[in-house]
Amino acid sequence: MANFKLRVVTPDRIFYDGEATFLLVRTTGGDVGILANHARYVTLLDIGTLKIRTEEGERLAAVAGGFLKTGNNVTTIVTPACEWADEIDVDRAQKAADRAKERLLRQQSKREQDMEEIKLKTALNRISVARKLQ
């Protein structure tokens, strides 16, 4: 299977920089698969699972939204956060989900409520991705 260059960048680190044979990612319009020589494409990412397939195997990561750009056999993802499934601390993610649920019950501004909903969705996604390995 043909390869393409994949780079996943977060504010903290270059999360992934290497070759891939397939990428599956959740966009705001649904799941999108990327193969070598994909047409030029730019999209917003949703909170979801990032599946990277290489010649060595497949890895899963939790991604917290962002942007994807592909063209000229290079795909770049810029995201605020990305974690390999085996790096996720499920207990910490569960505590974050519980805190967000608690805060959603409080009366607050629309903006604050939106932020707590994003935190809850991110925490639940991290838990879901980590459990896919089990």
Side-chain angles (χ1 to χ4, degrees):
M1 189 168 241
N3 291 340
F4 62 95
K5 173 79 170 161
L6 174 61
R7 189 164 205 209
V8 180
V9 180
T10 72
D12 300 332
R13 64 182 172 156
I14 296 174
F15 179 78
Y16 183 87
D17 189 7
E19 298 292 312
T21 58
F22 177 72
L23 171 69
L24 181 66
V25 67
R26 172 77 38 100
T27 72
T28 55
D31 289 346
V32 171
I34 305 289
L35 294 167
N37 302 309
H38 194 284
R40 289 183 179 274
Y41 181 63
V42 176
T43 189
L44 288 170
L45 297 180
D46 200 354
I47 295 167
T49 302
L50 181 72
K51 184 185 292 188
I52 300 172
R53 189 173 301 145
T54 66
E55 292 175 357
E56 289 79 38
E58 190 172 277
R59 290 204 66 192
L60 297 177
V63 66
F67 299 90
L68 176 142
K69 176 187 172 195
T70 191
N72 296 325
N73 222 27
V74 176
T75 298
T76 303
I77 292 174
V78 179
T79 178
C82 199
E83 288 178 274
W84 293 117
D86 57 1
E87 291 178 343
I88 295 170
D89 181 338
V90 176
D91 290 336
R92 190 171 136 237
Q94 186 61 59
K95 287 176 185 170
D98 293 342
R99 277 192 310 274
K101 287 177 188 175
E102 209 175 279
R103 290 180 183 140
L104 280 170
L105 297 175
R106 298 182 192 155
Q107 215 156 26
Q108 53 193 337
S109 71
K110 173 74 171 125
R111 182 181 181 281
E112 290 170 328
Q113 188 171 18
D114 290 346
M115 293 301 293
E116 291 306 323
E117 287 174 359
I118 290 169
K119 289 176 185 178
L120 176 58
K121 188 174 179 181
T122 300
L124 294 175
N125 180 60
R126 292 176 66 229
I127 293 166
S128 173
V129 169
R131 289 190 174 148
K132 287 179 184 178
L133 285 182
Q134 298 172 351

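Bear in mind that the values here come from a model prediction, so they are computed numbers and not experimental data.
- Between atom NZ of residue K101 and atom CG of residue L124 there is a gap of 6.0 Å, rounded to the nearest 0.5 Å.
- Under the rule for a salt bridge (charged side-chain N to carboxylate O under 4.0 Å, His left out), R92 has no partner lying at least two apart in sequence or in another chain.
- The environment of R111 atom CZ is sparse: at most 12 non-hydrogen atoms of other residues, nucleotides or ligands sit within 6.0 angstrom.
- Residues meeting the side chain to side chain contact (heavy atoms under 4.5 Å, CB included) test with S128, sequence neighbours left out: K132.
- K5 has its side chain within reach of D17: a pair of non-hydrogen atoms, C-beta onward, lies under 4.5 Å apart.
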In residues 60-74, what donor-acceptor pairs under 3.5 Å come from side-chain atoms, sequence neighbours left out?
from	atom 1	to	atom 2	distance (Å)
T70	OG1	V74	O	3.4
T70	OG1	T75	OG1	2.7
N72	OD1	R40	NH2	3.4
N73	OD1	N37	N	2.6
N73	ND2	N3	O	3.2

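- When all heavy atoms are compared, the tightest approach of A93 to I127 is CB-CG1, 3.6 Å.
- For residues 25-46, the ring-ring contact (aromatic ring centres under 6.0 Å, His included) pairs, not counting sequence neighbours, are H38-Y41.
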Only pairs under 3.5 Å count here: list side-chain donor-acceptor contacts from residues 113-121, not counting sequence neighbours, and write none if there are none.
from	atom 1	to	atom 2	distance (Å)
D114	OD1	K110	NZ	2.9
K121	NZ	D46	OD1	3.1
K121	NZ	D46	OD2	3.2

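- Scanning for salt bridge (charged side-chain N to carboxylate O under 4.0 Å, His left out) contacts around E102 gives R106, with sequence neighbours left out.
- Within the 4.5 Å cutoff, no side-chain heavy atoms of T43 are placed close to those of V25.
- Taken to the nearest 0.5 Å, the CG atom of L24 stands 11.0 Å off from the CD1 atom of I52.
- Distance check, rounded to the nearest 0.5 Å: CD1 of I88 to CZ of R131 gives 11.0 Å.
- Shortest non-hydrogen contact noted between T54 and A20 is CG2-CA, 4.3 Å.
- The salt bridge (charged side-chain N to carboxylate O under 4.0 Å, His left out) test applied to R59 returns D86, not counting sequence neighbours.
- In this structure, the side chains of L50 and Y16 stay at 4.5 Å or more apart for every pair of heavy atoms.
- Residues that satisfy the side chain to side chain donor-acceptor pair (under 3.5 Å) test with D31, not counting sequence neighbours, are R26.
- Listed by chain and number, the residues in a side chain to side chain donor-acceptor pair (under 3.5 Å) with E19 amount to none (sequence neighbours excluded).
- Here OG1 of T21 is found 10.5 Å from CG of L6. Values are rounded to the nearest 0.5 Å.
- Residues passing the side chain to side chain contact (heavy atoms under 4.5 Å, CB included) test with V9, sequence neighbours excluded: R7.
- When all heavy atoms are compared, the tightest approach of L23 to F4 is CB-CZ, 3.9 Å.
- Between E112 and Q108, the shortest heavy-atom contact is OE1-CB, 3.2 Å.
- When hydrophobic side chains of Ile, Leu, Val, Met, Phe, Trp and Tyr are connected at separations under 4.5 Å, L105 ends up as a singleton with no cluster partners.
- I47 and V129 are not part of a single hydrophobic cluster, where members link through side-chain heavy atoms under 4.5 Å apart.
- Shortest non-hydrogen contact noted between A123 and A97 is CB-N, 3.6 Å.
- With sequence neighbours excluded, the residues forming a ring pair (Phe, Tyr, Trp, His ring centres under 6.0 Å) with F15 are W84, listed by chain and number.
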